[in-house]
Amino acid sequence: MVHSFSNRVEDIIKSIPEGKVATYGQIAACAGVPRGARGVAWILHSCSENDRLPWHRVVNRKGGISLPHHQGYELQMALLKKEGVRFGESGYIDLDHYGWDPDESRSESQ
DNA sequence: TTACTGACCTTTT
DNA sequence: AAAAAGGCCAGTA
């Protein structure tokens with residue numbers, strides 16, 4: 001169990017640049033499982049103990065924080081705000097602008 | 001080994 | 001277009 005899916009997801013999350021956010025499906029797909037979004041969520045639970053993992057950069061498909069209040073919602077929001085991410089009035093992030101694109105990041109255009 | 005959970009996503013109505 | 005239901009994967013008990 002040295003090269004499990006979880007390890008792969010962790011690596012991807014670590015690859016997420018600051019000021020950007022990635023969705024579970026995106027990470028799962030990058031890990032090799034397009035429908036493994038749930039698995040990613042579970043892994044985050046396991047890795048939430050590791051402060052080295054920018055789990056706060058992981059958001060749901062709606063660009064919002066899935067964590068309920070009193071659980072890390074405000075924490076993730078605060079961390080994202082510190083990164084420079086702006087939240088909408090409804091509390092949703094513009095994935096169209098803050099969504100992390102591996103292809104774009106790979107080219108390091110910006 | 002089977003069953004259940006979990007911070008989800010996709011598709012259909 | 002929005003809402004609802006189902007399905008998917010990984011991990012632990």
Side-chain angles (χ1 to χ4, degrees):
Chain A
M1 212 201 240
V2 287
H3 292 315
S4 295
F5 172 82
S6 47
N7 202 309
R8 191 132 247 184
V9 173
E10 288 182 50
D11 183 65
I12 295 165
I13 295 170
K14 287 182 198 166
S15 297
I16 301 175
E18 299 180 7
K20 293 225 166 158
V21 294
T23 63
Y24 296 89
Q26 197 88 44
I27 297 166
C30 213
V33 185
R35 270 86 186 173
R38 305 194 80 177
V40 178
W42 230 113
I43 291 157
L44 260 63
H45 256 258
S46 238
C47 296
S48 44
E49 306 170 44
N50 301 330
D51 302 322
R52 324 296 181 211
L53 265 175
W55 59 272
H56 54 262
R57 286 187 201 150
V58 186
V59 296
N60 59 26
R61 236 304 161 166
K62 295 173 247 172
I65 299 170
S66 304
L67 292 132
H69 281 131
H70 277 264
Q71 274 252 337
Y73 179 89
E74 5 175 302
L75 178 62
Q76 183 165 23
M77 181 179 271
L79 289 165
L80 288 171
K81 279 185 182 174
K82 285 181 165 193
E83 295 290 303
V85 179
R86 289 208 206 174
F87 284 73
E89 285 132 46
S90 295
Y92 293 102
I93 308 168
D94 287 86
L95 295 173
D96 185 62
H97 232 290
Y98 288 102
W100 172 54
D101 286 300
D103 184 68
E104 197 178 291
S105 183
R106 197 173 66 171
S107 205
E108 207 73 333
S109 294
Q110 282 193 351

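Chain naming here is simple, since letters A, B, ... match the order of the sequence lines and numbering starts at 1 in each.
The main-chain N or O of A:N7 is never found under 3.5 Å from a side-chain atom of A:S4 such that the two would form a donor-acceptor pair.
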Quiz item: Once Watson-Crick and G-U wobble pairs under 3.5 Å are found, how is DNA chain C written in dot-bracket notation, 5' to 3', with | for any base paired to another strand?
Solution: .||||||.|||||
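The hydrophobic cluster containing A:W42 does not contain A:I13, counting ILVMFWY residues as joined when their side-chain heavy atoms lie under 4.5 angstrom apart, directly or transitively.
With sequence neighbours left out, the side chain to side chain contact (heavy atoms under 4.5 Å, CB included) criterion links A:D94 to A:H97, A:Y98. Listed by chain and residue number, A:I65, A:M77, A:L80, A:K81, A:V85, A:I93 satisfy the side chain to side chain contact (heavy atoms under 4.5 Å, CB included) test with A:F87 (two or more places apart in sequence, or in another chain). Evaluation of the ring pair (Phe, Tyr, Trp, His ring centres under 6.0 Å) rule for A:H69 yields A:Y73 as partners, not counting sequence neighbours. Every residue was checked against the side chain to side chain contact (heavy atoms under 4.5 Å, CB included) condition with A:R38, not counting sequence neighbours, and none meets it. Under the side chain to side chain contact (heavy atoms under 4.5 Å, CB included) criterion, A:A31 pairs with A:F5, A:R8, A:V9, A:I12, not counting sequence neighbours. Residues that satisfy the salt bridge (charged side-chain N to carboxylate O under 4.0 Å, His left out) test with A:E10, not counting sequence neighbours, are absent from this structure.
What separates CZ of A:R35 from P of C:dG6 is a distance of 18 Å, to the nearest Å. For A:K62 and C:dA4, the NZ to C1' distance is 13 Å, given to the nearest whole Å.
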Using residues 53-64 of chain A as the side-chain source, report each donor-acceptor pair under 3.5 Å to any protein atom, sequence neighbours left out, with the distance given to one decimal.
from: A:R57; atom 1: NH1; to: A:I16; atom 2: O; distance (Å): 2.5
from: A:R57; atom 1: NH2; to: A:E83; atom 2: OE1; distance (Å): 3.3
from: A:N60; atom 1: OD1; to: A:K62; atom 2: N; distance (Å): 3.0
from: A:N60; atom 1: OD1; to: A:G63; atom 2: N; distance (Å): 3.0
from: A:N60; atom 1: OD1; to: A:G64; atom 2: N; distance (Å): 2.8
from: A:N60; atom 1: ND2; to: A:G64; atom 2: O; distance (Å): 2.9
from: A:N60; atom 1: ND2; to: A:S66; atom 2: OG; distance (Å): 3.3

Practice problem: Decide yes or no on side-chain contact (heavy atoms from CB on, under 4.5 Å) for A:L44 and A:V40, but give the supporting numbers first. | Solution: CA-CA 6 Å; A:L44 260 63; A:V40 178; 3.8 Å; yes
Quiz item: What one-letter contact string describes nucleotides 3-8 of chain B from 5' to 3', where B marks a base within less than 4.0 Å of any protein heavy atom, S marks contact via sugar-phosphate atoms alone, and - marks no contact?
Solution: --BBBB
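Across residues 8-15 of chain A, not one residue has a non-hydrogen atom less than 4.0 Å from an atom of DNA chain C.
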